[in-house]
J.: 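Take a look at this one; I'll ask things after.
So you know, we letter chains A, B, ... as the sequences are listed, proteins then strands, and number each from 1.
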2 protein chains.
Amino acid sequence: MILKNQIEWALHCCSLLAAVPDGCYLPTKALAEFHGVPKEYLSKALQALSQAGVIEGTLGPTGGYRLARRPSEITFLDIVEAVEGKASTFACTEIRKANPCLPSKTKTSKTCAVARVMWKADAAWRESLKSTRLSDLAQMIAEDVPPEVLAKSAEWVAARS
Amino acid sequence: MILKNQIEWALHCCSLLAAVPDGCYLPTKALAEFHGVPKEYLSKALQALSQAGVIEGTLGPTGGYRLARRPSEITFLDIVEAVEGKASTFACTEIRKANPCLPSKTKTSKTCAVARVMWKADAAWRESLKSTRLSDLAQMIAEDVPPEVLAKSAEWVAARS
DNA sequence: GTATTAAGGATAGTGATTGTCCTTAGTATA
DNA sequence: TATACTAAGGACAATCACTATCCTTAATAC
């Protein structure tokens, strides 16, 4: 099991969209070029983010995407769930019901114990993703990347917004 | 992204192996029949568990599998990692390096910030899986399943061990 | 009117998961 | 010793999700 690449793309795109000047939009073409990924396919991830209300897009020559909320109000979970969906990573197929010793009349009152444990772990994963906001990521990146690269990237984005 | 079915099978199989009498082995055929899954394919998951040292198998007419340790010393994480591997669910493809504003000479001192956050969430997931042991699962199941079904299942297993 | 954009449908290519079949070697029993 | 049973594992095909590309439609700025 591995998360799809679109998750990574979506996270990096949102990170970059945080650098878009107020009132402006950054088109898919620029986002794809900046990250070196296919524009058409990236578009699918951006559409998912848009539908989830994480980002918002507008049409026309000055169109593109921008964050729908402030970076401090967008969590990693928002982005991951927009692309990946909200369904648990563990799918219970109820194989416990195949138990030959289980009379068919038995009521399965609770959910499967195995599933409960796996879902608890899934919840812990999401809770961790929820605890980091886009603004936190911006701060981390500001500490990692040299200031001149950061400034140049902001210019690059502004020039295309 | 979704965990493979073999994870579910492996967890249920380990749960059932906990009911095998001391010194006995339960063959793949019985495990597959009990859970209603294809014997040949289930065998792959059991082999992975065996290689990871979670269970141990022996050959011959009285052969099969049994737990390699006591249920209190086997965690969900042991089982999940045996089948799924220890690699993180998030794979960083370093798309940050495609940044056109990044001089090629720039040293990437730290790992990607996005990856760090995703890996932290992955660690939280594994930590949660680590906190539940096979003995805990047995207790949960004992509270869910009617005593007569539990006893009948134990008989079923003993008869094939 | 023209160029540009998001949105989304249709369709292949790719790779991981699922499933089956077969061979090999070790073990218990008659 | 012969036989039946088992795990281990290699080879292979089917299925399905992910990746990628192409195309049409509708809205927007100039």
J.: Quickly work out the B:L42 CG to C:dC21 P distance and round it to whole Å.
T.: 16 Å
J.: With a non-hydrogen cut-off below 4.0 angstrom, is B:S43 in contact with a base, only sugar-phosphate, or nothing?
T.: nothing
J.: Taking for each residue the nucleotide of DNA chain C with the nearest heavy atom, is it B:G60 or A:G63 whose nucleotide lies nearer the 5' end?
T.: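 The residue closer to the strand's 5' end, by nearest nucleotide, is A:G63.
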J.: Check B:R116 with A:D144, please: is the shortest side-chain N to carboxylate O separation under 4.0 Å?
T.: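 A salt bridge links A:D144 with B:R116.
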J.: Determine, for A:R69 against A:D78, whether the closest basic-nitrogen to carboxylate-oxygen distance falls under 4.0 angstrom.
T.: yes
J.: Nearest to the side chain of B:Q47 - D:dG9, C:dT27, C:dT17?
T.: D:dG9
J.: Of the nucleotides D:dA26, C:dT27, D:dG9, which one has an atom closest to the side chain of B:E40?
T.: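 The answer is D:dG9, which lies nearest to the side chain.
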J.: Taking atom NZ of A:K152 as the centre, report whether more than 12 heavy atoms of other residues, nucleotides or ligands fall under 6.0 Å from it.
T.: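 No, because the 6.0 Å sphere around NZ of A:K152 holds 12 heavy atoms or fewer from other groups.
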J.: For the CD atom on A:E148, are there more than 12 heavy atoms of other groups (residues, nucleotides or ligands in this structure) within a distance under 6.0 Å?
T.: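 Yes, enclosed.
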J.: When you get a sec, tell me which of C:dT20, D:dT6, D:dA29 is the closest nucleotide to the side chain of B:Y41?
T.: C:dT20
J.: For a quick test of reading the model: is some side-chain N or O of A:T28 closer than 4.0 Å to OP1 or OP2 of C:dA6?
T.: yes
J.: Atom OH of B:Y65 to atom C1' of D:dG9: distance rounded to whole Å?
T.: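 Taking atom C1' of D:dG9 as the reference, OH of B:Y65 is at 10 Å.
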J.: Could you state the atom-to-atom distance from CH2 of A:W9 to C1' of D:dC18 in whole Å?
T.: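 In whole Å, D:dC18 C1' lies 10 Å from A:W9 CH2.
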J.: Taking the side chain of A:K44 as heavy atoms from C-beta outward, which of D:dA29, D:dT19, C:dG8 is closest to it?
T.: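 Given the options D:dA29, D:dT19, C:dG8, the side chain of A:K44 is closest to C:dG8.
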J.: Rounded off to whole Å, could you give me the CG-to-P distance for the B:L31 and D:dA8 pair?
T.: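 It works out to 12 Å between those atoms.
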J.: Identify, between A:M1 and A:Q51, the residue whose nearest nucleotide on DNA chain C lies closer to the 5' end.
T.: A:Q51
J.: Let me know the distance between CG of B:L49 and P of D:dA8, rounded to the nearest Å.
T.: 10 Å
J.: Looking at D:dA29, I'd like to know if its phosphate oxygens (OP1 or OP2) sit under 4.0 Å from a side-chain N or O belonging to A:T62.
T.: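 For A:T62, the contact criterion (side-chain N or O under 4.0 Å from OP1 or OP2 of D:dA29) is not met.
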J.: What is the distance, to the nearest angstrom, from the CG atom on B:L46 to the C1' atom on D:dG9?
T.: 13 Å
J.: Select one nucleotide: of D:dT21, C:dC21, C:dA25, the one nearest the side-chain heavy atoms of A:P38.
T.: D:dT21
J.: Counting only N and O atoms by type, is there a donor-acceptor contact under 3.5 Å from the side chain of A:W119 to the main-chain atoms of A:F90?
T.: yes
J.: Using a cut-off of strictly less than 4.0 Å, decide whether B:S50 has a side-chain nitrogen or oxygen near OP1 or OP2 of D:dA8.
T.: yes
J.: How close or far is atom P of D:dT19 from atom NZ of A:K39, stated in whole angstroms?
T.: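 Going from NZ in A:K39 over to P in D:dT19 covers 19 Å.
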J.: Name the closest nucleotide to the B:K4 side chain, picking from D:dA4, D:dT19, C:dT18.
T.: C:dT18
J.: Which residue, B:L59 or A:L3, contacts DNA chain D at a nucleotide closer to its 5' end, judged by nearest heavy atom?
T.: B:L59
J.: Closest approach to the side chain of B:P27, judged atom by atom: which nucleotide of D:dA26, D:dC5, D:dT6 is it?
T.: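 So the side chain of B:P27 is nearest to D:dT6.
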J.: Figure out the CD/P separation between A:E56 and D:dA27, and round it to whole Å.
T.: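 In whole Å, D:dA27 P and A:E56 CD are 18 Å from each other.
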J.: Identify the residue among B:L46, B:L31, B:T28 that makes a side-chain contact (heavy atoms from CB on, under 4.5 Å) with B:K39.
T.: B:T28
